[in-house]
Amino acid sequence: MGENPRGLQLTFRQRLTWFAHLFKALTRQYHTGLGQRLRGLIDADAVIVDVGAHAGQHAKLFAAMVPKGHVYAFEPGLYALSILEIVRRWRRLGNITTVPLGLSDKPCVETLHVPLKRSGTMGFGLSHIGADTSGRETVSEEIRLTTLDRFVEEAALKRLDFIKVDIEGWEVNFLKGAMETIEKFKPSLLLEVMHGSLARASATPQQVFDLLLPLGYQPYETFEHQGYAMRRVDGFEGEADYLFVPREKAHLVEAR
């Protein structure tokens, strides 16, 4: 428990906040309503990829849902990764593999910007690639990225059932490097789709839909504040998390 993010120079206040973030990650479980909504899509032996795993709240949830399956949690940021890895070990989550990489349209090195809050602490939940136009001070680090297609080939995955993506605007880049895998396995996907975030990567919400709809996906807009209610849509209808489900599995969502 005395670990700190290696490679990051933290102030005393940032170190105290790191311990607070770690405590929350170890002791609390968010998004339980989402797990209930997704139960019909995720079997006990499912394989899940969590892209932008942050401190592990979704990874923990998925690990509990797939006791006979596996979760690959991708998190390239040192601050978040240090918390995620401790959570995995202390909670004895043997069906989670942490992968210290980002996912994009090609293997490369990019700069990850971690915003600082007014208090000077790390706003690591908003870490992003691309220029920050908010005017906030940031801490930056180099990160390595690969593609999901390459990872799946190298890991020799035989199935992939679900993908969650929350990478603050890099979602289109991720999808471009994952199209072979998506076409092969037809996993359901949960993606954050935000105008401002995507603009940092010169992308748009429409591109997300243009990539997935031709592959036979039905999108649903999700509403977390309503207990993860879902509304069937034909395209982008505002900033939200969108669930994309193969049309032949849409009844598994709509029946709940």
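For Asp210, the salt bridge (Lys or Arg N to Asp or Glu O under 4.0 Å) test picks out no residue, with sequence neighbours left out. For Asp161, the salt bridge (Lys or Arg N to Asp or Glu O under 4.0 Å) partners are Arg159, not counting sequence neighbours.
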Step by step, work out the side-chain contact (heavy atoms from CB on, under 4.5 Å) result for Val139 and Leu116.
CA-CA 7 Å; Val139 174; Leu116 294 179; 3.8 Å; yes
Could you check Ile167 against Phe74 for side-chain contact (heavy atoms from CB on, under 4.5 Å), going step by step and ending with a plain yes or no?
CA-CA 10 Å; Ile167 44 179; Phe74 286 80; over 6 Å; no
Given Val114 and Thr138, is the side-chain contact (heavy atoms from CB on, under 4.5 Å) satisfied, shown in steps?
CA-CA 5 Å; Val114 185; Thr138 63; 5.9 Å; no
The test is side-chain contact (heavy atoms from CB on, under 4.5 Å); show your working for Phe236 and Val208 and say whether it passes.
CA-CA 9 Å; Phe236 180 70; Val208 174; over 6 Å; no
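Remark: the backbone N or O of Phe19 is not paired with any side-chain donor or acceptor of His21 at under 3.5 angstrom. At distances below 3.5 Å, not a single donor-acceptor pair connects side-chain atoms of Lys60 with backbone N or O atoms of Ala55. Judged by distance alone, with hydrogens and angles left aside, the side-chain atoms of Gln207 form a donor-acceptor pair with the main-chain N or O of Thr204 at under 3.5 Å.
Heavy atoms of other residues, nucleotides or ligands lying less than 6.0 angstrom from OH of Tyr30 number more than 12. Other residues, nucleotides and ligands contribute at most 12 non-hydrogen atoms within 6.0 Å of the CD atom of Glu153.
Residue pairs that meet the side-chain hydrogen bond (donor to acceptor under 3.5 Å, both in side chains) test with at least one member in residues 93-104, sequence neighbours left out, are His70-Thr97, Glu85-Thr98, Ser104-Trp170. Residue pairs satisfying the salt bridge (Lys or Arg N to Asp or Glu O under 4.0 Å) criterion with at least one member in residues 49-58, sequence neighbours excluded, are listed as follows: Asp50-Lys164. A salt bridge (Lys or Arg N to Asp or Glu O under 4.0 Å) check over residues 169-192, counting only residues at least two apart or in different chains, returns nothing. For residues 235-249, the side-chain hydrogen bond (donor to acceptor under 3.5 Å, both in side chains) pairs, not counting sequence neighbours, are Arg231-Glu237.
Inter-residue side-chain proximity for Ile163 and Leu148 is flagged as met; some heavy-atom pair is nearer than 4.5 Å.
When the side chains of ILVMFWY residues are joined at heavy-atom separations under 4.5 Å, either directly or via intervening members, Trp90 and Trp18 end up in a single hydrophobic cluster. Using a 4.5 Å cut-off between side-chain heavy atoms of Ile, Leu, Val, Met, Phe, Trp and Tyr, with links allowed through other members, Val165 and Leu213 fall into the same hydrophobic cluster. No chain of hydrophobic side-chain contacts below 4.5 Å, direct or via other Ile, Leu, Val, Met, Phe, Trp or Tyr residues, connects Ile143 to Leu84. Note: the hydrophobic cluster containing Val66 also contains Ile96 (ILVMFWY, side chain heavy atoms under 4.5 Å, direct or indirect links). Cluster membership for Leu16 and Phe124, using ILVMFWY side-chain heavy atoms within less than 4.5 angstrom, is not shared.
In terms of heavy atoms, Glu75 sits closest to Gly52 at OE1-C, 3.8 Å. When all heavy atoms of Thr147 and Gly177 are compared, the pair lying nearest together is CB-O, 3.4 Å. Nearest heavy atom pair, residue Cys108 against residue Glu110, reads SG-CG, 4.0 Å. Nearest heavy-atom pair across Tyr79 and Gln14 is OH-O, 4.0 Å. The two residues Leu160 and Phe185 make their nearest non-hydrogen contact at O-CB, 3.5 Å. Considering all non-hydrogen atoms of both residues, Pro205 and Val193 come closest at CB-CG1, 3.5 Å.
To the nearest 0.5 Å, the span separating CD1 on Ile129 from CG on Leu145 amounts to 4.5 Å. Between the CG atom of Leu26 and the CZ atom of Arg89 there is a distance of 10.5 Å, given to the nearest 0.5 Å. We find the CE-CZ distance between Met194 and Arg200 to be 9.5 Å, quoted to the nearest 0.5 Å. Within the model, atoms CG of Leu61 and CD of Gln29 stand 5.0 Å from one another, a figure rounded to the nearest 0.5 Å. Going from atom CG of Leu243 over to atom CG of Leu38 covers 6.0 Å, rounded to the nearest 0.5 Å. The CG atom of Leu22 lies 9.0 Å from the OG1 atom of Thr27; values are rounded to the nearest 0.5 Å.
Ring-plane geometry between Tyr217 and Phe244 is classed as perpendicular, the angle between the planes exceeding 60 degrees on a 0 to 90 degree scale with a lower cut at 30.
Ring-centre distance between Phe162 and His58: not below the 6.0 Å cut-off.
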